[in-house]
Amino acid sequence: MISLLNPVLEDADKFPPLPALVLAIEDAVDSPESSFEDIARIVESDADLASRFLALANSCFYNYPITIASIPDALSVIGLRNTRNVSLSLSLPRVLKQTPEFPVPTDQFWRHNIAVGLCARLIALESRDANTERHFFAGFLHKIGRPLIANLFPEEAKDIYRRTQKKEIHYQQAAHSALGFDDAEVGAAALQHWRFPENIVTLVRHHNKPVLARNHLRGVSLVHIANFIVSALDLGESGDRFVPEFSEAAWGYSNFDESKLSTIVAELLRQLDSVCHVFLSPKIESR
Amino acid sequence: MPNRSPHEVKAGDILADDVFNLDARLLFPAGTKLNEKKIEILMMWGVESVNVEGLADSAESIPVKNPSNIAKQDAELQIQKRFKLVKSSHPVVVAVREIAVLESAKSSDHPLPQS
């Protein structure tokens with residue numbers, strides 16, 4: 001376990017508890033005695049979660065050539081390694097809702113995050129990386145610190161948001177001057193508490209300043225670049241009024257070809273609504 | 001100098017005469033290039049007709065002023081504001097900015113959910 005950067009965040013009990021179903025899936029995935037069928041049975045026990053798993057497996061995110069009709073098949077497509085992260089990520093838009101302290105509409109906030117996740121993953125796919133899902137999760141979670149700051153430090157959160165809207169300043173700078181740490185650090189601490197893989201925690205912690213990352217430099221850079229592209233395209237709403245600063249070093253680490261940017265954006269716009277539907281619709285019907 | 005109702009003018013048309021509202025207040029001076037917002041203002045103030053520059057029989061030739069270029073200009077301004085804190089002029093920043101302007105101009109005809 002890596003250490004938390006700021007002692008204020010060490011009281012992990014401050015972070016919202018995860019739904020019992022997510023914890024049950026986590027236990028089953030972690031247990032060497034659990035079979036594939038055991039995990040499928042837990043997912044199936046919740047109709048809403050099951051239909052979202054099916055919808056995700058059938059979405060253009062996986063582009064699977066045949067229709068997936070059962071949870072075991074959906075788990076095969078999504079992969080057991082990602083099952084826990086998917087169930088947790090599906091629950092977060094319901095756990096972290098809009099508050100007066102961070103008044104960005106829930107759907108728009110998560111639309112921004114989903115777009116960043118998709119964009120980072122598309123760049124990774126285009127580069128033929130392995131395990132591209134981690135880029136999606138890192139993008140999906142990269143700004144999770146913002147609603148968490150609203151929960152943990154409501155007084156400061158109001159001021160941070162007000163300053164971000166009134167002054168020419170990015171949210172993370174306003175957060176840093178009010179709290180001594182920024183939202184990326186809070187997000188990373190929460191993900192560590194919720195036992196996300198270390199690589200995803202690092203991608204979230206350093207996405208604003210990729211050069212500070214000691215590990216996973218390329219992955220961190222992809223999230224940084226994806227956040228830049230999505231903010232420029234104004235997809236969803238992050239709480240920032242301005243496009244973030246662009247790290248030229250991150251572009252260097254990404255080793256990506258500039259001529260492919262238009263293709264990535266076209267594919268991102270093609271996928272965005274269907275993936276947002278899986279994560280954000282109050283109720284969904286699977287195919 | 002064809003006389004047109006605000007419902008007939010197009011983004012890109014240029015006003016040939018000053019346009020006033022019913023209170024005789026100047027809305028737009030001659031030479032103003034119309035965009036969707038300005039056309040909306042003409043309708044909002046109940047202006048019945050305006051003179052626009054161009055050939056009298058050239059209703060078909062007016063679209064030479066490409067509406068997508070106008071949308072692109074509006075998008076440019078919007079993106080310029082959003083990029084205010086970006087210091088880098090790296091070619092990727094320029095490329096992403098151009099893509100953002102293009103997408104914003106495209107979506108101004110079919111707005112995406114407000115963000």
message = What residues of residues 165-177 of chain A make heavy-atom contacts with chain B at a cutoff under 4.5 angstrom?
response = A:Glu168, A:Ile169, A:His170
remark   = Among B:Gln78, B:Glu103, B:Glu98, the residue with the most heavy-atom pairs under 4.5 Å to chain A is B:Glu103
ask   = Do A:Arg162 and A:Asp159 sit within salt-bridge range, that is, some charged N less than 4.0 Å from a carboxylate O?
value = yes
remark   = side-chain hydrogen bond (donor to acceptor under 3.5 Å, both in side chains) with A:Lys143: of A:Asp240, A:Asn113, A:Asp183, A:Asn227, only one passes, and it is A:Asn227
query = Considering residues at least two apart in sequence or located in another chain, which fulfil the ring-ring contact (aromatic ring centres under 6.0 Å, His included) criterion with A:His142?
reply = A:His112, A:His207
ask   = Do A:Phe109 and A:Phe102 have their ring centres less than 6.0 Å from each other?
value = yes
Check: B:Pro29 main-chain N/O paired with B:Thr32 side-chain donor or acceptor under 3.5 Å = yes
Heavy-atom contact with chain A under 4.5 Å, split by part of B:Ile79 = side chain
Counterpart residues, side-chain hydrogen bond (donor to acceptor under 3.5 Å, both in side chains), relative to A:Asn208 (two or more places apart) = none
Euclidean distance, B:Leu42 CG relative to B:Ser5 OG, rounded to 0.5 Å = 9.5 Å
inquiry  = If the threshold is 4.0 Å, N to carboxylate O, is there a salt bridge linking A:Asp234 and A:Arg241?
reply    = no
query = Residue by residue, which of residues 116-141 of chain A have a heavy atom closer than 4.5 Å to a heavy atom belonging to chain B?
reply = none
key: A:Phe181 ring center near A:Phe153 ring center (under 6.0 Å)   = yes
request  = Let me know if A:Pro105 has heavy atoms under 4.5 Å from chain B in its side chain, its backbone, both or neither.
outcome  = neither
